[in-house]
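Just below is one structure, and these are the notes that go with it.
Counting convention: from 1, in listed order, for ligands and their atoms alike. If you're wondering where the values come from, they're calculated on a predicted model, not measured in any experiment. The figures that follow rest on heavy atoms only: side chains count, while hydrogens, waters and symmetry mates do not.
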Amino acid sequence: MNILVINAGSSSLKYQLLNPETQQVLAKGLCERIGIDGRFTYKPEGKTAVKEAEVAMPTHNEAIKAVLDALVDPANGVIGSMKEIDAVGHRVVHGGEKFAKSVLITDEVMSAIEECNPLAPLHNPANIIGIKACQALMPGTPMVAVFDTAFHQTMPSEAYMYALPYEYYEKDKVRRYGFHGTSHKYVAQRAAAMLDKPIEELKLISCHLGNGSSIAAVDGGKSVDTSMGFTPLAGLPMGTRCGDIDAGILQYLMNKYDMDIDQMLNVLNKKSGVEGLSLVGSDFRDLEKAAENGDQKAELARKKFSYEVRKYVGAYAAAMGGVDAVIFTAGVGENDHGIRELVCEGLGYMGLELDKAANNVRGKETVISTPDSKVKVLLIPTNEELMIAIDTAALAK
Ligand code: ADP
């Protein structure tokens, strides 16, 4: 079964054609600068050719058309015809409280996704455009929506409610939703496989540390708490996002510097996090280099980030009444052994001992705790496309 996975943004579109049963990726690539001049990248797996071209893409329709043309191209294509695409899985950022699972897309589902637009105004409308473009070009092919928020819909109310007047929840849907759900779900399932235990018996803490970062407490395979909130600004400090701060700071700074709320949020989303703190940048490789060269702010940014991750590990162990394994995933979690070491420092009291030699690894499934460590530490590369393809195949069958 071949599944086309589409992750559509406002001016870009990532795609991958894969077989969820064999986990074989047939081709993948990226359409960028949609609505501007259009740049197209196509990489068929197992072939050396990488096509990079300027393709006119006034809208997402032309972008999807370029993807389909490349996939069936006689020279560099990977399938004989579009009929060999059995279903399309679409990443959708926000499913609100409506979607606790992936769903087959119908007209009703499209309306329900549109109703979630105010909750993710930058993302959901782009996801919808991607779905409509595919529907226009591939009528009759089953389409599935896989939501970033769905996995976290199992959180109990004490975890998802904010202590605000209740009407803001009832009338305005203000609550914690959480994101990165597809990634947290995937690595939790892989952790169970690595530990050779049923997921129902495991208490896991999943640390998705990338440009955007979030942590999830996964008890018995269900998300019971997560660090991102109503928006992806909450929780950990990130590349350029501040994470949790005292809301009173907004009033103080807005008054002092005569900023409106949009200017303030621009600072919190784009000028804060480890970049704001270090003045070096948002990429952890740059921070590491600068810290090695004695840059104290870069060192502070790495320590602050790791400290907050460690606090969440403690908090979620408390929330679940224990923890069997801590998982590191995403760009920083998979690659930055120094950050993993800083996070795990001093967690011996809870039975967690990192194996420093085993930790000197990147990007492959590895147990990085000592053989005696009661709490296992796992490095698991995330694979959101595979998770989307698995859900899509199951629903399309
Ligand atoms: P996102 O999907 O949120 O954009 P990723 O999960 O791809 O982000 O993570 C990207 C980040 O991973 C980069 O900004 C960088 O900080 C970090 N990263 C990638 N490779 C390395 C590496 N070798 N060492 C340290 N950090 C890395």
Side-chain angles (χ1 to χ4, degrees), residues 5-16 28-30 32 41 91 93 120 122-123 126-127 146 148-149 178-187 190 206-216 226-228 231-243 269-293 295 297-306 308-309 327-344 359-366 368 379-388:
V5 173
I6 298 283
N7 182 355
S10 55
S11 72
S12 73
L13 183 150
K14 280 192 222 155
Y15 65 92
Q16 203 172 103
K28 61 182 170 186
L30 181 64
E32 292 170 286
T41 314
R91 176 192 181 212
V93 167
L122 297 179
H123 294 101
N127 302 152
V146 180
D148 270 23
T149 49
F179 300 88
H180 291 143
T182 309
S183 173
H184 290 302
K185 182 178 168 187
Y186 174 77
V187 297
R190 288 305 311 151
S206 162
C207 306
H208 177 110
L209 312 179
N211 216 349
S213 296
S214 74
I215 308 203
T226 191
S227 60
M228 282 179 170
T231 74
L233 179 56
L236 296 168
M238 310 180 204
T240 61
R241 284 173 246 168
C242 62
N269 270 308
K270 304 211 170 126
K271 301 201 159 106
S272 301
V274 293
E275 175 169 313
L277 207 48
S278 68
L279 306 175
V280 169
S282 63
D283 194 307
F284 278 71
R285 286 164 286 202
D286 299 336
L287 291 176
E288 190 180 9
K289 227 175 280 162
E292 277 167 11
N293 291 331
D295 187 318
K297 288 198 186 73
E299 175 78 16
L300 167 67
R302 285 174 69 80
K303 279 193 177 158
K304 170 72 180 167
F305 178 78
S306 311
E308 295 298 333
V309 176
I327 305 162
F328 286 96
T329 193
V332 179
E334 290 167 29
N335 291 297
D336 197 325
H337 63 93
I339 290 287
R340 294 193 299 260
E341 195 174 322
L342 281 172
V343 170
C344 294
N359 184 40
N360 197 3
V361 64
R362 66 178 63 205
K364 71 170 205 259
E365 285 189 2
T366 319
I368 55 172
L379 191 167
I380 305 179
T382 194
N383 194 340
E384 286 158 286
E385 289 79 11
L386 177 59
M387 193 76 252
I388 292 172

Nitrogen or oxygen of [X] less than 3.5 angstrom from that of ligand 1:
X	result
N211	yes
L209	no
A330	no

> So, E275 and K271, do they make that salt bridge, N to O below 4.0 Å?
Replying inline: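 Not counted as a salt bridge, because no side-chain N and carboxylate O are separated by less than 4.0 Å.
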> Using 4.0 Å as the upper bound for N to carboxylate O, is an ion pair formed by E384 and R91?
Replying inline: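 No, no charged N to carboxylate O under 4.0 Å.
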> Between the main-chain N or O of L233 and the side-chain N or O of T231, is there a donor-acceptor pair closer than 3.5 Å?
Replying inline: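 A pair under 3.5 Å: yes.
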>> Donor-acceptor pair, distance only, cut-off 3.5 Å: does the side chain of R241 make one with the backbone of P232?
In response: yes
Identify, for [atom], the protein heavy atom at the shortest distance, and state residue, atom and that distance.
atom	answer
atom 22 (C) of ligand 1	N335 CB, 3.3 Å
atom 16 (O) of ligand 1	F284 N, 2.7 Å
atom 15 (C) of ligand 1	D283 OD1, 3.4 Å

> Applying a 4.0 Å heavy-atom criterion (strictly less than), which segment of R362 is in contact with ligand 1: side chain, backbone, both, or neither?
Replying inline: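 Near ligand 1, R362 shows its side chain, while the N, CA, C and O stay back.
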> Does at least one non-hydrogen atom of G212 fall below 4.0 angstrom from an atom of ligand 1?
Replying inline: yes
>> So H123 and D148, do their side chains get closer than 4.5 Å, heavy atoms only?
In response: no
> Which of the numbered atoms in ligand 1 are below 4.0 angstrom from a heavy atom of V332?
Replying inline: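 Taking each heavy atom of V332 in turn, ligand 1 has 12 (O), 16 (O), 17 (C) under 4.0 Å.
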> Out of G363, G331, G338, whose heavy atom sits nearest atom 9 (O) of ligand 1?
Replying inline: G331
>> Minimum heavy-atom separation for K14 and L30, please, with both atom names.
In response: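 Closest approach of K14 to L30, heavy atoms only: CG-CD1, 3.4 Å.
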> What are the two closest non-hydrogen atoms of S214 and M228, and how far apart are they?
Replying inline: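 Closest approach of S214 to M228: CB-CG, 3.8 Å.
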>> Does the protein come close to atom 24 (N) of ligand 1 - that is, does one of its heavy atoms sit below 4.0 Å from that atom?
In response: yes
>> For H208 and H180, take the angle between the two ring planes, folded into 0 to 90°, and tell me which bin it lands in: parallel under 30, tilted 30 to 60, perpendicular over 60.
In response: parallel
